[in-house]
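Before any comments, here is the structure.
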Amino acid sequence: MEKAVTKIIHRDPEQKEFQQAVQEVLETVRPVLERNPEYRKQAVLQRIVEPERVIMFRVPWMDDQGQVHVNRGFRVEMNSAIGPYKGGLRFHPSVNLSIIKFLAFEQVFKNSLTTLHMGGGKGGSDFDPKGRSDAEVMRFCQAFMAELFRHIGPNTDVPAGDIGVGSREIGYLFGMYKKLCNEFTGVLTGKSLAWGGSLVRPEATGYGVVYFAAEMLATRKEVFEGKTCLVSGSGNVAQFTTEKILELGGKVVTLSDSSGYIYDEEGIDAEKLSFVKELKNIRRGRIREYCERYPHTVYRDADSSLDHNPLWDHKADCAMPCATQNEINENDAITLINNGVFLVSEGANMPCSPSAVDIFLENAILYGPGKAANAGGVAVSGLEMAQNSMRLKWPREEVDARLKQIMKSIHTTCVDAAEEYGLKGNYVAGANIAGFVNVVNAMLDQGLV
Ligand code: NDP
Ligand code: 2IT
């Protein structure tokens, strides 16, 4: 095990997700360190695993009944070697420092792969938006920004959405930032179109997941047409992953939320998908309602006592986990392969456990890790920042063409980096190596800071 890993385990023994993310990257970049002794001499590993800055703060807010709540706010500014810190905000009760650090760490390499000038950061809160009124969500966002505003800025740190943070939350956060700073500036991405948002940003992560998967399929002379896909989640990433798969002639048979999952053997067509969008984005309901609307389908409650996730038990060709970290374990990985899945493209960040990843690699599955496959979201965030700086807006076709081009080039970069190190077909190694080298070289150029 790398010394840098033993050190983080010793320093922060409880930060399991962070350790998992670090271990995966450091294992795959070992050959790069062997080729470049200067990297070890300059202690790049010890430097890259330590956030440049960690901000933790109290977020006090009042609910509709006048009761006071106190949540915890986070922003981890991990690395600014290649640009201002950039990465989303997650509002979910499970949020803690380990989760935000793992997400910020992954973001550093992901952003590097996009070739845009963005460093890595992530933030959020253990606030649970579920069941809260719009007014409560607004007051929470305002309270959150009342502290965060002093740490961010369009050339310093540019947050965006993630789980539990969509266009509604970005609006409330932006409004408060503008009021406190007296400045209308591109400090957040994922803004509404009417006030500085980019076309295709809502779709970008999901579309990118499918563009990346299409590139992987092309290496085996395959296309999406006729492929059956398992998608988890039913939020932003899952919705637009499903939309693009349908557009390319594939079939999606599952969706989920934290309460359970649905299986629709006939496939989720465009009409059913618009029902899901309305259910999730407007009514903020549960996915089980899909079965009430389409009674031929199957719904199953989530059951954490199981040693596997039954969503992954269905026969298919492709799997796109788009909900959360560690949603595919070793048992799921074996089932997926036994049921014919030969492609996994990660919409979520770190959805596969380390042993699941090993199983995919051992079986030569086309496995696209999140930091490559889901980079389309932050890539279009980078394009939103570019448009904001120029004070203009590109048409949909232009943003989509740039997104497609970026996903294609991330794919080529991963393939080339893996091949350079004799690891043909290993997208995990390719993504980690290419992302790492770029950031580390920039760090060395800039001296010991
Ligand atoms: P949303 O909040 O829009 O949707 C999240 C979905 O995942 C919901 O269906 C949610 O269910 C489900 N989910 C969340 N947490 C859990 C959990 N602990 N167990 C089971 N299901 C869960 O978020 P996004 O679609 O934006 O994010 C999904 C994933 O994609 C995350 O891993 C995120 O980090 C990643 N990602 C997002 C990007 C973006 O641009 N938005 C970019 C790149 C990656 P429920 O409604 O019950 O909470
Ligand atoms: O994980 C991610 O890449 C995101 N949540 C999007 C980050 C961004 O800045 O758009």
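Both counts, for ligands and for their atoms, begin at 1 and track the order of listing. Sequence positions, counted from 1, serve as the residue numbers for this chain. If you're wondering where the values come from, they're calculated on a predicted model, not measured in any experiment.
Atoms of ligand 1 lying under 4.0 Å from any heavy atom of Ser234, numbered from 1 in the order shown and given with element: 9 (O). Per-residue contacts place Gly164 under 4.0 angstrom from the following atoms of ligand 1 (heavy atoms of the residue considered): 2 (O). The distance from ligand 1 to the heavy atoms of Lys280 drops below 4.0 Å at these ligand atoms: 46 (O). Within the listing of ligand 1, atoms 28 (C), 29 (C) sit less than 4.0 angstrom from a heavy atom of Cys322. Ligand 1 places these atoms under 4.0 Å from at least one heavy atom of Ser256: 9 (O). Residue Lys110 has at least one heavy-atom neighbour below 4.0 Å for each of these atoms of ligand 2: 1 (O), 2 (C), 3 (O). Of all the atoms in ligand 2, the ones that sit under 4.0 Å from a non-hydrogen atom of Ala160 are 8 (C), 9 (O), 10 (O). With ligand atoms numbered from 1 in the order given, ligand 1 contributes 29 (C), 30 (O), 32 (O), 35 (C) to contacts under 4.0 Å with heavy atoms of Ala348. Counting the atoms of ligand 1 from 1 in the order shown, those under 4.0 Å from a heavy atom of Thr205 are 38 (C), 39 (C), 40 (O), 42 (C), 43 (C).
When the ring pair (Phe, Tyr, Trp, His ring centres under 6.0 Å) test is applied to Phe174, the partners found at least two apart in sequence or on another chain are Phe184, Trp195. Not counting sequence neighbours, Arg72 has no partner by the salt bridge (Lys or Arg N to Asp or Glu O under 4.0 Å) test.
In the candidate list Ala379, Ser258, Gly285, Ser258 is nearest to atom 22 (C) of ligand 1, counting heavy atoms. Which of Ser259, Ala238, Ala302, Gly235 comes nearest to atom 1 (P) of ligand 1 through a heavy atom is settled by distance: it is Gly235. The heavy atom nearest to atom 1 (O) of ligand 2, out of those in Glu384, Lys371, Lys122, is found in Lys122.
Nearest protein heavy-atom neighbour of atom 9 (O) of ligand 2: Lys86 NZ, 2.6 Å. Shortest contact from atom 7 (C) of ligand 2 to any protein heavy atom: Gly88 N, 3.6 Å. In this structure, atom 24 (P) of ligand 1 lies nearest to the protein heavy atom Val237 CG2, 3.8 Å. Of all protein heavy atoms, the one closest to atom 18 (N) of ligand 1 is Thr324 CG2, 3.7 Å. The nearest protein atom to atom 48 (O) of ligand 1, hydrogens excluded, is given as Lys130 NZ, 3.0 Å; this is a heavy-atom distance. Protein heavy atom nearest atom 27 (O) of ligand 1, with residue, atom name and distance: Ile163 CG1, 3.7 Å. Among protein heavy atoms, the minimum distance from atom 6 (C) of ligand 2 is reached at Arg201 NH2, 3.6 Å. The closest protein non-hydrogen atom to atom 12 (C) of ligand 1 is Ala323 CB, 3.9 Å.
Using a 4.5 Å heavy-atom cutoff, the side chains of Met145 and Tyr172 are not in contact. Between Gln65 and Glu136, some side-chain heavy-atom pair lies under the 4.5 Å cut-off. Asp157 places none of its side-chain heavy atoms less than 4.5 Å from the side chain of Lys86.
Using a 4.0 Å heavy-atom cutoff, Arg286 is listed among the residues neighbouring ligand 1. Taking 4.0 Å as the cut-off, Arg90 counts as a neighbour of ligand 1 on heavy-atom distance. Judged by the shortest distance from any of its heavy atoms, Gly347 lies inside the 4.0 Å radius around the atoms of ligand 1. Using 4.0 Å as the threshold, Arg201 has a heavy atom nearer than that to some atom of ligand 1.
By the 4.0 Å N-to-carboxylate-O rule, Glu106 lies close enough to Lys371 to be salt-bridged with it. Ionic pairing of Arg288 and Asp257 is not present here: no N-O contact between side-chain nitrogen and carboxylate oxygen is shorter than 4.0 angstrom. A salt bridge does not link Lys244 with Glu203: none of the charged nitrogens is closer than 4.0 Å to a carboxylate oxygen.
By the 30° and 60° cut-offs, the orientation of the rings of Phe57 relative to Phe144 is tilted.
One N or O on the side chain of Ser256 and one on the backbone of Gly233 form a donor-acceptor pair closer than 3.5 Å.
In summary, the side chains of Asp301 and Tyr261 do not present any donor paired with an acceptor at a separation below 3.5 Å, with no hydrogens or angles considered. Glu346 and Tyr367 share a side-chain donor-acceptor pair at under 3.5 Å.
In terms of heavy atoms, Ala323 sits closest to Ile163 at O-CD1, 3.4 Å.
Ligand 2 has a nitrogen or oxygen under 3.5 angstrom from a nitrogen or oxygen of Ser381. Considering both main-chain and side-chain atoms, Gly161 comes within under 3.5 Å of ligand 2 through a nitrogen or oxygen pair.
Cation-pi geometry between Lys408 and Tyr211 is not met: the NZ or CZ atom fails to fall both under 6.0 Å from the ring centre and inside 45° of the normal.
The part of Asn349 lying near ligand 2 is the side chain, judged by heavy-atom distances below 4.0 Å.
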